[in-house]
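Everything below concerns the one structure shown next.
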Protein chains: 2
Amino acid sequence: METPHTLDTGEKPRTYSIRQLSKEFDVTARALRFYEDKGLISPERKGQTRIYSARDRARLQLILRGKRLGFSLVEIHEILDLYTPKDRGAQQIRATLAKYRVQIENLKRQREDLEGAIHDMQNGCAWMEDELKKLENK
Amino acid sequence: METPHTLDTGEKPRTYSIRQLSKEFDVTARALRFYEDKGLISPERKGQTRIYSARDRARLQLILRGKRLGFSLVEIHEILDLYTPKDRGAQQIRATLAKYRVQIENLKRQREDLEGAIHDMQNGCAWMEDELKKLENK
DNA sequence: AGGTAAGTTTACGTTAACGTCAATGTAAAC
DNA sequence: GTTTACATTGACGTTAACGTAAACTTACCT
């Protein structure tokens with residue numbers, strides 16, 4: 001039932017409580033506060049309480065994907081910085097563009113690794129399936 | 001010059017010292033001993049000194065690839081166990097095969113993430129290149 | 001014999017990324 | 001009005017993955 005802890009009267013709730021986000025993405029509230037501490041997200045405050053926007057949610061998704069890909073929070077922070085469009089001026093854009101390209105190269109290298117691993121294990125599967133056939137035909 | 005600290009008389013050295021491996025893969029000796037401590041590699045001993053075989057070297061490669069892909073040493077240990085063929089009997093093979101397939105699914109999911117990230121950043125690149133063109137034509 | 005270079009074990013230190021209380025506040029529910 | 005549920009800020013604890021320093025040993029060099 002989505003527990004509308006704060007009833008929204010007609011308007012779609014483009015905001016989220018810390019619990020909503022932590023439940024949706026299966027992370028603890030502690031983790032979310034920790035990410036904030038590290039400057040990865042900066043939710044609004046209603047008094048003391050954190051109010052997460054859709055943009056915060058999107059950043060959280062990026063954070064979690066980064067984690068799944070094995071990046072440290074510091075690395076993720078840098079990547080998020082890249083995603084944050086604060087640049088004006090051709091010079092800045094060129095600099096950011098260069099960083100993007102480096103990052104893309106890194107990701108592609110990682111993909112090579114990944115595909116190598118997948119390939120290896122698929123070979124292993126094939127071999128075992130073969131072994132099983134041999135054993136069955138005896 | 002490969003610094004043949006221990007001269008090998010004619011035979012090809014299918015073994016490596018701890019320094020050779022650490023230099024080749026740019027990891028510290030401490031790390032290699034640590035991996036051994038955690039049961040990831042088990043080099044021979046000549047007295048006290050560790051002697052790494054080609055197989056040890058191969059395992060190290062797998063370890064490092066696992067690290068690049070963001071796996072913990074415990075996870076890498078499990079993966080290495082999968083790679084270690086100690087199974088006899090169809091039942092065992094079937095069990096291992098199942099684990100392989102699970103692992104392959106995980107890797108493929110990770111690849112989805114990766115390609116998502118690459119895609120996002122390539123979009124970003126395209127957008128910035130576009131911006132640059134606009135700025136130049138002013 | 002003395003120095004240098006590589007190896008060893010033991011053990012304490014460090015950083016990242018949270019976990020786990022404790023003490024407190026606030027707001028809706030009974 | 002007092003539980004109940006969710007929020008907050010400290011502050012200390014924990015685990016992983018090594019780094020680093022101390023105190024050797026062994027082998028080769030000169």
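Because the structure is a prediction, the values reported are computed rather than measured. Proteins get letters first, then strands, A, B, ... in listed order; numbering begins at 1 in each.
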Review item, nucleotides 20-27 of chain C N/O atoms under 3.5 Å of protein N/O:
unit_1, atom_1, unit_2, atom_2, d
dT20(C), O4, R30(A), NE, 3.0

Rounded distance (Å) that lies between atom [atom2] of [N] and atom [atom1] of [X]:
X	N	atom1	atom2	answer
L40(B)	dA16(D)	CG	P	13 Å
L32(B)	dG19(D)	CG	P	10 Å
F34(A)	dT14(D)	CZ	C1'	13 Å
R68(B)	dA17(D)	CZ	C1'	17 Å
R50(B)	dT25(D)	CZ	P	17 Å
E36(A)	dG10(D)	CD	P	13 Å
I41(A)	dA17(C)	CD1	P	14 Å
D37(A)	dA17(C)	CG	P	12 Å

Of the non-hydrogen atoms in [X] and [Y], which two are nearest, and what is the gap between them?
X	Y	result
R65(A)	G116(B)	NH1-C, 3.4 Å
T84(B)	L80(B)	OG1-O, 2.6 Å
A117(B)	L107(A)	CB-CD1, 4.0 Å

Taking the basic N atoms (NZ, or NE/NH1/NH2) and the acidic carboxylate oxygens, is any pair closer than 4.0 Å for E112(A) and R68(B)? no
May I ask you to decide whether R94(B) forms a salt bridge with E136(A), counting only side-chain N to carboxylate O separations under 4.0 Å? yes
Nearest to the side chain of T28(A) - dG19(C), dA17(C), dC18(D)?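 The answer is dG19(C), which lies nearest to the side chain.
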Looking at the side chain of Q48(A), which of dC18(D), dT9(C), dT9(D) is the nearest nucleotide? dT9(D)
What do the steps show when you test V102(B) against K99(B) for side chain to side chain contact (heavy atoms under 4.5 Å, CB included), and what is the final call? CA-CA 5 Å; V102(B) 169; K99(B) 291 182 187 173; 5.6 Å; no
Main-chain N/O of L69(B) paired with Q110(B) side-chain donor or acceptor, under 3.5 Å: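 Between the backbone of L69(B) and the side chain of Q110(B) there is a qualifying donor-acceptor contact (under 3.5 Å).
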Is a side-chain N or O of R59(B) found less than 3.5 angstrom from the main chain of L40(B), in a donor-acceptor match? yes
Check whether more than 12 heavy atoms from other residues, nucleotides or ligands sit under 6.0 Å from atom CD of E44(A), and answer yes or no.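 No, because the 6.0 Å sphere around CD of E44(A) holds 12 heavy atoms or fewer from other groups.
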[N] phosphate, OP1 or OP2, under 4.0 Å from [X] side-chain N/O:
X	N	result
K46(B)	dA6(C)	no
R45(A)	dT9(D)	yes
Y35(B)	dC18(D)	yes
K67(A)	dC18(C)	yes

If you round to the nearest 0.5 Å, how far is CD1 of I118(A) from NZ of K108(B)? 6.5 Å
Identify, between K38(B) and R33(A), the residue whose nearest nucleotide on DNA chain D lies closer to the 5' end.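 Comparing both residues, the 5'-ward one is R33(A).
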Hey, can you pull the residues of residues 71-80 of chain B with a non-hydrogen atom under 4.0 angstrom from DNA chain D? S72(B), L73(B)
